[in-house]
J.: 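Got a structure here, written out as structure tokens. Questions coming.
If you're wondering where the values come from, they're calculated on a predicted model, not measured in any experiment.
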Amino acid sequence: MSEILVLSFGSNLGDRKYYLGAALKLMQQVLGEEPLELSPIIETKAVGFSGPDFLDMAAVFKTNIPPLDVLSFCKDVERSLGRDEKLEYGPDGKRIYHDRTIDIDILFYGNLTLDTAELTLPHPQVFQREYVSEMLQSLELARPLLLSFKGKICNFAGF
């Protein structure tokens with residue numbers, strides 16, 4: 001059975017529009033599907049570190065590829081476009097973020113909730129970053145997921 005897959009794409013290095021387009025095209029190829037919907041591209045400030053502004057967008061796909069395989073594809077596409085993922089954590093245990101040519105996040109995989117070392121669904125920062133909600137509001141197929149999880153996530157996170 002196919003699920004609605006919502007991905008976000010962000011870039012703050014080099015030709016940001018090129019990286020968004022290239023990542024979207026490569027994800028289409030590995031998923032074997034064209035996106036059902038695309039959000040507008042928006043420009044946002046870097047969150048969690050000082051760096052150039054990001055261009056961000058979201059895309060909705062239908063897929064039957066398991067979520068951990070989708071995550072693996074996302075990482076492969078990021079590496080193929082020059083992403084050097086440096087996982088660093090500060091003394092407080094919080095992740096330290098860096099500039100990147102491309103960042104692809106799985107925001108939703110249908111109504112699936114998942115909390116593993118590799119992947120948390122829905123993405124834990126969907127409701128913490130205003131620009132993500134803004135992008136999702138523009139996607140008709142993502143809105144029900146956004147509304148479905150909002151109460152659950154906010155209650156869980158203490159909002």
Side-chain angles (χ1 to χ4, degrees), residues 1-12 16 19-42 44 46-48 54-87 89 94-95 97-98 100-159:
M1 182 169 88
S2 291
E3 294 287 349
I4 293 291
L5 170 67
V6 184
L7 300 177
S8 68
F9 299 83
S11 174
N12 79 328
R16 301 172 300 164
Y19 286 115
L20 291 180
L24 180 63
K25 186 173 183 173
L26 289 169
M27 287 306 299
Q28 284 177 222
Q29 290 172 356
V30 297
L31 294 171
E33 298 284 337
E34 290 198 19
L36 301 171
E37 287 185 290
L38 295 173
S39 75
I41 295 173
I42 60 172
T44 62
V47 176
F54 275 82
L55 287 185
D56 294 288
M57 65 177 289
V60 177
F61 292 89
K62 255 197 165 172
T63 189
N64 58 4
I65 298 171
L68 289 174
D69 291 344
V70 173
L71 177 64
S72 179
F73 293 148
C74 291
K75 297 300 177 193
D76 289 346
V77 167
E78 288 175 343
R79 281 189 293 276
S80 76
L81 292 173
R83 169 124 186 222
D84 181 20
E85 189 166 18
K86 304 170 194 170
L87 288 179
Y89 295 89
K94 290 186 178 179
R95 185 168 169 194
Y97 292 96
H98 299 276
R100 43 206 173 265
T101 54
I102 193 67
D103 181 39
I104 307 170
D105 289 323
I106 303 172
L107 301 180
F108 295 106
Y109 186 93
N111 287 310
L112 181 66
T113 57
L114 187 66
D115 191 8
T116 69
E118 298 86 17
L119 181 61
T120 302
L121 292 172
H123 192 285
Q125 295 168 341
V126 165
F127 299 104
Q128 296 172 2
R129 297 193 174 156
E130 190 175 312
Y131 72 91
V132 176
S133 288
E134 179 185 331
M135 289 187 306
L136 294 176
Q137 287 292 340
S138 73
L139 300 170
E140 188 176 322
L141 294 170
R143 266 187 248 130
L145 294 170
L146 187 63
L147 294 172
S148 167
F149 282 106
K150 190 169 187 173
K152 295 174 191 173
I153 301 287
C154 291
N155 289 337
F156 175 75
F159 292 106

J.: When you compare the side chain of Y131 with that of V47, does any pair of heavy atoms fall below 4.5 Å?
T.: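 A side-chain contact exists here, since the closest heavy-atom pair is under 4.5 Å.
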J.: Search all heavy atoms of N64 against all heavy atoms of M1 and return the closest pair with its distance.
T.: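 Heavy-atom minimum between the residues: CB-O, 3.8 Å.
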J.: Under 3.5 Å, side chain of N12 to main-chain N/O of R100, donor-acceptor pair present?
T.: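 Side chain of N12 to backbone of R100, a donor-acceptor pair under 3.5 Å: yes, one is there.
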J.: Tell me, do P35 and L24 make a side-chain contact under 4.5 Å, heavy atoms counted?
T.: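 A side-chain contact under 4.5 Å exists here.
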J.: Check whether more than 12 heavy atoms from other residues, nucleotides or ligands sit under 6.0 Å from atom NZ of K25, and answer yes or no.
T.: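 It does not: K25 NZ has 12 such atoms or fewer within range.
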J.: How close do N111 and S148 get, counting heavy atoms only, and between which atoms?
T.: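 So the minimum-distance heavy-atom pair works out to OD1-OG, 3.8 Å.
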J.: Evaluate whether atom CD of E34 has more than 12 neighbouring non-hydrogen atoms of other residues, nucleotides or ligands under 6.0 angstrom away.
T.: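 Not buried by this count: 12 neighbours or fewer within 6.0 Å.
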J.: How long is the straight-line distance from CZ of F73 back to CG of L68, given to the nearest 0.5 Å?
T.: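 If we round to the nearest 0.5 Å, L68:CG and F73:CZ are 11.5 Å apart.
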J.: Give, for atom CD1 of I104 and atom CG of L81, the distance between the pair rounded to the nearest 0.5 Å.
T.: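 It is 7.0 Å, given to the nearest 0.5 Å.
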J.: At what distance, to the nearest 0.5 angstrom, does CG of D103 lie from CZ of F9?
T.: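 Those atoms lie 10.5 Å apart.
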J.: What are the two closest non-hydrogen atoms of E37 and E140, and how far apart are they?
T.: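 For E37 and E140, the tightest heavy-atom pair comes out as OE2-N, 2.8 Å.
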J.: Evaluate I41 against L20 for side-chain contact (heavy atoms from CB on, under 4.5 Å), listing each step before the verdict.
T.: CA-CA 9 Å; I41 295 173; L20 291 180; 4.0 Å; yes
J.: So D105 and L107, do their side chains get closer than 4.5 Å, heavy atoms only?
T.: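 When only atoms from C-beta onward are counted, D105 and L107 do touch, with a gap below 4.5 Å.
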J.: Minimum heavy-atom separation for E3 to G110, with atom names?
T.: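 Shortest heavy-atom contact: OE1-CA, 3.5 Å.
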J.: Give the minimum heavy-atom separation between I4 and L141, together with the two atoms involved.
T.: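 Taking I4 first and L141 second, the nearest heavy atoms are CG2-O, 4.3 Å.
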J.: Would you give the length of the straight line joining atom NZ of K62 to atom CG of L36, rounded to the nearest 0.5 angstrom?
T.: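 Output value for this atom pair is 7.0 Å.
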J.: Taking it one step at a time, do L146 and Q137 satisfy side-chain contact (heavy atoms from CB on, under 4.5 Å)?
T.: CA-CA 8 Å; L146 187 63; Q137 287 292 340; 3.1 Å; yes
J.: Working to the nearest 0.5 angstrom, can you tell me the gap between F108 CZ and L5 CG?
T.: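 So the gap between those two atoms works out to 11.5 Å.
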J.: Using modelled atom types only, decide if a donor and an acceptor are shared between the side chain of S11 and the backbone of T101 within a distance under 3.5 Å.
T.: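 It does hold such a pair.
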J.: Return the OG to CG distance between S72 and L119, rounded to the nearest 0.5 Å.
T.: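 So the gap between those two atoms works out to 11.5 Å.
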J.: Decide yes or no for L114 and Y109: does some side-chain heavy atom of the first lie under 4.5 Å from some side-chain heavy atom of the second?
T.: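 No - every pair of side-chain heavy atoms lies 4.5 Å or more apart.
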J.: Look only at the side chain of E33 and the backbone of T63, and say whether a donor-acceptor pair between them is shorter than 3.5 Å.
T.: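 The answer is no, because no donor-acceptor pair under 3.5 Å joins these two groups.
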J.: Considering non-hydrogen atoms only, spot the tightest contact between V126 and S133 and give its length.
T.: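 For V126 versus S133, the nearest heavy atoms are O-OG, 3.5 Å.
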J.: After noting the C-alpha distance and the side-chain angles of I102 and V77, does the key distance pass the side-chain contact (heavy atoms from CB on, under 4.5 Å) rule?
T.: CA-CA 9 Å; I102 193 67; V77 167; 5.6 Å; no
J.: Going by heavy atoms in the side chains, are Q125 and V132 under 4.5 Å from each other?
T.: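 No. Closest side-chain heavy atoms not under 4.5 Å.
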J.: Would a 4.5 Å heavy-atom cut-off, applied to side chains only, mark I106 and L7 as touching?
T.: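 The answer is yes; the side chains approach within 4.5 Å.
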